[in-house]
Every structure is written in C-alpha cells, then in structure tokens.
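Just below is one structure, and these are the notes that go with it.
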Amino acid sequence: MSRSRWYAIRTAPGYQRMAAVDERLPENRRMESIIERNCRKDGFDIFMPSFYKELKHHRTNEIIEKRFPFLVGYAFVNLPRLNFEDLRRVDGVIGLLRGSIGYGPLEFPDGMIEDLYFAEHERRQAFLYEQHCRRENWRQERVHHLRGQLRKILPKGRKARVSMMDQAEMAIDSLSPQIKERVQKIISELNELTSDVEVENLRQAV
C-alpha cells in the first residue's frame with residue numbers, strides 16, 4: 001500500500017468557494033469547494049483545512065451555513081505516485097508550493113496534515129455546539145411566543161388548576177372559523193417545536 005505524500009497546491013482565485021449543490025453526491029461532500037470537487041473528479045485525494053460560519057442571507061434573512069478555507073489560496077493533495085503533471089492539469093490548480101530555488105515541490109509530513117485535520121475537527125465540533133445552542137434558544141423563544149398567542153386568543157378567566165392546553169381543547173369548537181384556523185396553525189407549529197404531550201393531544205382533538 002502506497003504511503004501518503006502530501007504536497008501543497010496554489011489554487012486559482014474563487015476556486016475555494018463552495019461548489020454548486022449536487023444531490024447525487026454523498027452527504028460528506030455536499031459542502032465541498034470547487035477545487036476539491038475538481039481534484040476528486042480527476043482522482044486526487046485533497047484536503048482543504050476549513051472552518052464554518054452561519055451567515056444571514058442579505059435578501060431573505062435566512063440563516064445559511066458557509067464553509068471557508070483556513071489557508072486562503074492553498075490546499076493539500078496526496079500524491080503517492082508523484083504524478084505532478086496530471087495534478088497541474090486540474091482546473092483551478094495554479095501550481096505546487098516549492099522549497100528553495102532549484103528544489104522540487106515541497107512535501108509535508110503526515111504529522112503536520114494530521115494536526116490540521118485535528119484543528120479542523122475541533123473547530124467543527126465547537127461550531128456544531130454553538131449552532132445547537134442557537135437553534136435550541138430560538139425553539140424555546142418560539143414556543144413561548146406561540147403559547148402567548150394562544151393565551152390572547154382563548155377565553156379569559158380559566159381556573160388555575162386548568163392548563164391552557166386543556167382549556168383550548170374545551171374551547172376550540174366554540175371559536176369562529178377564522179380564529180379556530182389561526183389556533184390550529186399555532187398548535188401545529190407548537191407540535192413541530194416540542195414533544196409536549198398536551199400539544200399532541202390537542203392536535204388530535206382538533
């Protein structure tokens with residue numbers, strides 16, 4: 001089995017941005033860059049150390065996940081067969097990083113690549129944790145807001161021992177069609193946001 005031989009390539013401007021989504025690719029390749037896709041298409045094992053950020057779309061305000069390179073303008077390719085000329089022909093590859101004048105392409109030890117893999121993995125886990133916390137905070141805030149909307153719509157003066165959801169179940173049929181539809185939409189969204197048994201019971205009752 002050939003040993004790993006890692007070399008750094010210089011990438012053309014714009015080739016480290018995310019490639020267009022291709023649903024035919026496996027999940028672990030959905031966020032690859034253009035240079036990664038081109039190299040893999042031509043049979044090269046490539047590693048572009050990266051980090052992830054959540055950005056708000058300037059038109060839709062939708063939160064989208066984006067991937068960016070740690071080393072702008074560079075990536076690493078494993079060349080156990082030392083087929084440098086084949087690599088140079090890949091679209092987006094400008095050339096290979098060389099050592100001093102007169103020396104060939106600079107080879108990087110496996111340990112250095114492993115350190116970069118670990119740094120990327122560590123940063124990715126931190127990003128996923130931050131993402132989870134943000135989504136969970138949004139979910140709780142949304143549930144609180146929707147329950148507040150139900151309190152405003154449903155009849156006042158309920159006894160303390162009767163929960164809001166129990167009262168909604170008893171009162172839903174007496175609401176006007178327009179208000180009932182609004183309540184049903186709120187309940188439907190609550191049911192998607194929480195596993196609260198009372199919400200599920202109310203959905204079934206409606």
Side-chain angles (χ1 to χ4, degrees), residues 1-139 192:
M1 184 175 181
S2 301
R3 72 178 181 89
S4 298
R5 303 191 70 164
W6 291 95
Y7 295 87
I9 59 170
R10 293 172 53 219
T11 64
Y15 277 74
Q16 286 181 301
R17 71 177 185 269
M18 289 171 56
V21 175
D22 187 344
E23 299 295 339
R24 297 169 299 178
L25 295 174
E27 184 65 30
N28 63 340
R29 289 188 56 186
R30 295 292 171 84
M31 298 187 71
E32 68 185 354
S33 65
I34 297 173
I35 189 64
E36 288 172 309
R37 183 168 295 179
N38 290 350
C39 282
R40 288 166 182 157
K41 178 173 63 70
D42 289 346
F44 292 101
D45 180 16
I46 182 172
F47 170 49
M48 188 182 79
S50 305
F51 65 96
Y52 298 77
K53 292 188 68 176
E54 286 190 329
L55 303 174
K56 184 178 291 188
H57 194 281
H58 66 284
R59 288 197 302 270
T60 65
N61 287 330
E62 179 187 2
I63 299 296
I64 54 178
E65 184 177 334
K66 302 285 284 185
R67 180 171 173 246
F68 300 93
F70 270 131
L71 305 172
V72 177
Y74 295 93
F76 297 93
V77 176
N78 182 22
L79 291 176
R81 295 189 291 115
L82 303 181
N83 47 336
F84 299 114
E85 292 307 315
D86 292 337
L87 178 62
R88 288 188 179 97
R89 286 193 285 269
V90 174
D91 186 26
V93 174
I94 293 178
L96 288 97
L97 186 65
R98 294 178 174 271
S100 303
I101 297 176
Y103 288 87
L106 187 62
E107 184 175 346
F108 290 82
D110 286 348
M112 182 180 294
I113 302 300
E114 289 170 2
D115 287 344
L116 289 171
Y117 266 112
F118 179 78
E120 180 184 70
H121 175 74
E122 191 175 58
R123 186 65 192 92
R124 176 64 173 165
Q125 295 305 115
F127 168 80
L128 291 174
Y129 176 74
E130 293 165 2
Q131 185 183 64
H132 169 76
C133 290
R134 181 191 64 77
R135 290 176 176 175
E136 180 61 20
N137 288 338
W138 176 87
R139 187 190 69 82
E192 293 177 0

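Hydrogens, waters and symmetry mates play no part in the numbers below; they use all other heavy atoms, side chains included.
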Practice problem: Please check if the side chain of Arg30 supplies one atom and the backbone of Val21 the other of a donor-acceptor pair under 3.5 Å. | Solution: no
Self-check item: Any side-chain heavy-atom pair of Ile9 and Ile46 under 4.5 Å
Solution: yes
Quiz item: Do any pairs count as a ring-ring contact (aromatic ring centres under 6.0 Å, His included) and have a residue in residues 4-31, sequence neighbours left out, and if so which ones?
Solution: Tyr7-Phe84
Exercise. Return each pair, listed once, that meets salt bridge (charged side-chain N to carboxylate O under 4.0 Å, His left out) where at least one residue sits in residues 4-19; pairs must be two or more places apart or across chains.
Key: Arg5-Glu107
Practice problem: Measure the shortest side-chain to side-chain distance between Met18 and Ser33 over non-hydrogen atoms and say whether it is less than 4.5 angstrom. | Solution: no
Exercise. Quick one: list whatever passes salt bridge (charged side-chain N to carboxylate O under 4.0 Å, His left out) with Arg88, sequence neighbours left out.
Key: Glu85
Practice problem: Over all heavy atoms of both residues, which pair between Asp110 and Ser4 is shortest? Give the atoms and the distance, please. | Solution: OD1-CB, 3.4 Å
Quiz item: Which atoms form the tightest heavy-atom contact between Cys39 and Leu87, and what is the distance?
Solution: SG-CD1, 4.4 Å
Quiz item: Between Gln16 and Tyr74, is there a donor-acceptor pair closer than 3.5 Å when you use the side chain of the first and the backbone of the second?
Solution: yes
Side-chain donor-acceptor distances from residues 115-127 under 3.5 Å, at least two apart:
{"from": "Glu120", "atom 1": "OE2", "to": "Ser50", "atom 2": "N", "distance (Å)": "2.8"}
{"from": "Arg124", "atom 1": "NH1", "to": "Glu65", "atom 2": "OE2", "distance (Å)": "2.8"}
{"from": "Arg124", "atom 1": "NH2", "to": "Glu65", "atom 2": "OE2", "distance (Å)": "3.4"}

Quiz item: Counting only N and O atoms by type, is there a donor-acceptor contact under 3.5 Å from the side chain of Asn38 to the main-chain atoms of Val90?
Solution: no
Quiz item: To the nearest 0.5 Å, how far apart are CG in Leu25 and CE in Met31?
Solution: 13.5 Å
Exercise. Decide side-chain contact (heavy atoms from CB on, under 4.5 Å) for Leu79 and Phe44; before the verdict, give the C-alpha distance in whole Å, the side-chain angles of both, and the deciding distance to 0.1 Å.
Key: CA-CA 8 Å; Leu79 291 176; Phe44 292 101; 3.6 Å; yes
Self-check item: Pairs flagged by salt bridge (charged side-chain N to carboxylate O under 4.0 Å, His left out) wherever residues 43-64 is involved - sequence neighbours left out
Solution: Glu54-Arg134
Quiz item: Side chains of Pro49 and Phe76: does their closest heavy-atom pair fall under 4.5 Å?
Solution: yes
Quiz item: So, do Ile35 and Val93 sit near enough that their side-chain heavy atoms are less than 4.5 Å apart?
Solution: yes
Self-check item: Closest contact, heavy atoms only, Ile94 versus Ala12
Solution: CD1-CA, 3.6 Å
Quiz item: Is the closest side-chain heavy-atom distance between Asp86 and Asp42 below 4.5 Å?
Solution: no
Self-check item: Glu32: partners by side-chain hydrogen bond (donor to acceptor under 3.5 Å, both in side chains), with sequence neighbours left out
Solution: Arg29, Arg37, Arg40
